[in-house]
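As the structure is a computational prediction, the values presented were derived from the model and not from experiment.
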Amino acid sequence: MMGAITTTKIYLRAADLIEAFDRSTKDGTLIAVNDQTGDVLVHNGALRDARRVLAAHAALEKMPTISYCLSTGAQALNAPGGPKASLPSGIGDRTPPTVAIDIIRDHCLGSGTPHHIQLDWVDHELPADQLSTANGDTARIIEQLADLATNPAVRKGGHVVAIFSRGGLLGQQVAQLPGFAVHNIGLPGQAERRAALEQMQQSERRPLVLAPDFDADAAARATGALRLYDISVMREHTSPESPLTLGIIRERAQVEFERALQGIARVDTTQVVIGRDLVGLAQLRLILEDHALDPAIPIRVAFLGSPGTGKSFAARGLATHLGVPLILPETLKEQWVGASERNGARFLATLESLEPAVTLIDDQNESLSADRERSSHGDTNGISGSLTGLFLDRFGDPTGMAGVHLVIASNYARRLDPAMKSRVKCVAFLPPDVDDLAAQMEATARSRSWDLEPGSALRALLEHPRRLTSRDAVTVLAEARTRAFRAHRQLIAESDVVESLTDYNPGVDIAVERQTLEALEACTFTSHLPWMAARHFGEAATHPPTYLQDFVHADGSLDRDRITERIDELEFQRVR
């Protein structure tokens, strides 16, 4: 007996448009489409733009389509197999849009046949920065759109009206009018990209040719920042002699990503190999080992600790290990009401389209993870709280944003929103001991092809112990290399490291102790403490650093009461 055949429904952006169309035929809502990407969509085995997706569906419903745009006037958008639209008279190349809209409306109402009406590029006629003081043609167009959305005759006649914004989001004065249903078209998801790639590969006119070791699944994962239109353009230049490769996609994706987000975020392409460029940090390796056991659950972690302990570097190592891009938000927060939330929504939508990916939220973007109660005191517009709430909404469920791994890196564990803390694994990053410092200096030398005398870093640190961060260790090594060059040597000798150590004056930051203890206080699992993770891997560093012995029990667990007591003491000293 043959097994039952199962099919998986692929989510397509066109399906949302068609659903909005069908809903409009029932309740008369006006479809407002924010087509920011200008992309083509997968629809019935073809790639069509949003207007033609709706026109093709209207044809199936036996409805002719009339499309109007200021630059082209009124056009019949006839789909194969559908009825032919008759165009109204009286619309020329100089007809004002206010007049043209009324003519099209009256023509359709008088025809006795349900029509699909498309008004394209309405954002050109309704610039958002003028809507608050709208007058003249702008005010009249708003009135006309409101009439189309609520006119009983339009609804009774079964007409479906769609307006398209291409250059910018529709202003709230328009989008929130009664009878409007706003639909945003973002970048395609991985499933839609996979379906589009298959169609392009099967094209008779110009088939897409992928490199032999680069299949459609891999291409679908790699094209996250791209529109289907961008992929189709690359397809035109492929051949068996010049196939599409991962390198070509990454180069194009970087350009398109920057274009799409316009400074809101960037891709960090730094490759950090765990075990080569990144040493120690058993807690990071344990997180990756746990994830390998259940890769369907995305990684959600907060790396907490004082500056220079390798938190951001570890995020890069995590992304490199998983083989996915690292996305960094940059300037989401703006002073204008609503602008920050729109930036956040665009960032999250792009992240989702890029999956799988890692995003790193650090203290430069603390508004995305800040304690909403604290931030409300100094944030009169509530921007930080709104952004934190937005991220909590999307990352609140362990499987939400399933293809996006979240890393929060913060020097200030107590500044994180409690709800955000409860949704991630909080992991402490501590100032390294002598062995880790020496290992980090050796790893840095290897990654930069510097010639460091074997064992010299550890011997120098043992003879001249200093409380340094990993970042300090790299600074000392760079200075040692400079001293070697002054002596006309390529080899960095132990004496160069010793001289640099004794000469280095990083200063004493009284905040480091508090930041370290706050990171420990926030730790979610005892097993992810650095020394406990080292025990898991059978490594040597199975005891806490000496400066933490007063805060750790004999079994390696934390004395949380003592930690909290000491943090309170430090806070009292700070404000005294």
Side-chain angles (χ1 to χ4, degrees), residues 187 190 218 220-226 246-247 249-279 281 283-285 287-288 290-292 295 297-305 307-332 343-344 346-369 391 394-395 400-411 420 424-425 427 429 443-444 447 470-471 474:
L187 290 170
Q190 184 173 331
R221 289 193 297 270
T223 49
L226 300 178
L246 177 61
I249 289 176
R250 282 181 171 169
E251 183 177 342
R252 181 62 182 268
Q254 178 75 12
V255 173
E256 291 302 321
F257 183 87
E258 293 173 356
R259 179 194 63 79
L261 287 181
Q262 300 174 359
I264 290 176
R266 64 182 176 87
V267 179
D268 189 317
T269 58
T270 307
Q271 296 290 294
V272 175
V273 178
I274 296 173
R276 186 194 72 186
D277 308 316
L278 187 65
V279 295
L281 295 182
Q283 64 271 45
L284 172 63
R285 287 179 278 126
I287 288 168
L288 291 170
D290 292 343
H291 174 66
I297 302 298
I299 294 172
R300 302 277 195 265
V301 291
F303 294 160
L304 307 172
T309 50
K311 300 183 295 294
S312 298
F313 204 57
R316 294 182 176 93
L318 188 149
T320 302
H321 179 85
L322 296 175
V324 300
L326 178 63
I327 314 301
L328 306 177
E330 292 201 308
T331 54
L332 300 186
N343 289 344
R346 284 176 60 199
F347 174 69
L348 287 170
T350 304
L351 259 186
E352 200 162 21
S353 74
L354 281 167
E355 63 181 43
V358 175
T359 186
L360 170 62
I361 311 299
D362 59 19
D363 286 327
Q364 294 181 6
N365 282 284
E366 65 174 349
S367 56
L368 303 178
S369 57
F391 269 63
R394 299 302 297 277
F395 287 104
M401 300 281 284
V404 180
H405 307 285
L406 172 65
V407 178
I408 298 172
S410 179
N411 304 332
M420 185 69 81
V424 298
K425 288 182 181 177
V427 181
F429 277 57
T444 300
S447 66
S470 297
R471 190 176 298 154
V474 173

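- Distance alone, capped at 3.5 Å, places no donor-acceptor pair between the His321 side chain and the Val273 backbone.
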Show, in sequence, the C-alpha distance, side-chain angles and deciding distance for Ile297 and His291, and conclude whether the side-chain contact (heavy atoms from CB on, under 4.5 Å) test is met.
CA-CA 7 Å; Ile297 302 298; His291 174 66; 5.8 Å; no

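- Nearest approach of Leu360 to Ala315, heavy atoms of both residues: CD1-CB, 3.9 Å.
- Residues Arg300 and Ile408 form no side-chain contact, since every pair of their non-hydrogen atoms from C-beta on lies 4.5 Å or further apart.
- The aromatic rings of Phe429 and Phe303 sit tilted relative to each other, their planes meeting at an angle between 30° and 60°.
- Leu304 places none of its side-chain heavy atoms less than 4.5 Å from the side chain of Val427.
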Let me see the working for Leu322 and Ile299 under side-chain contact (heavy atoms from CB on, under 4.5 Å), right down to the final yes or no.
CA-CA 11 Å; Leu322 296 175; Ile299 294 172; 4.1 Å; yes

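- Two residues are said to be in side-chain contact when any heavy atoms from C-beta on lie closer than 4.5 Å; Leu406 and Val301 fail this criterion.
- Annotation for Lys311 and Gly305: closest pair NZ-O, 3.1 Å, computed over non-hydrogen atoms.
- For the pair Ile361 and Pro329, the minimum side-chain heavy-atom distance is below 4.5 Å.
- For Asp290 and Lys425, the salt-bridge test passes: some basic side-chain N is under 4.0 Å from an acidic carboxylate O.
- Side-chain N or O atoms of Thr359 include one that pairs as donor or acceptor with a backbone N or O of Ile327 at under 3.5 Å.
- Residues Thr223 and Ala220 come closest through the heavy atom pair OG1-O, 3.3 Å.
- In this structure, His405 contributes its side chain and Pro298 its backbone to no donor-acceptor pair below 3.5 Å.
- Scanning both residues, Leu326 and Ala319, for their nearest heavy atoms gives CB-CB, 3.9 Å.
- With Thr320 contributing its side chain and Val272 its backbone, the two residues share a donor-acceptor pair below 3.5 Å.
- A heavy-atom distance below 4.5 Å is found between the side chains of Ile274 and Leu288.
- Taking CZ of Arg471 as the start and OG of Ser312 as the end, the distance is 7.5 Å to the nearest 0.5 Å.
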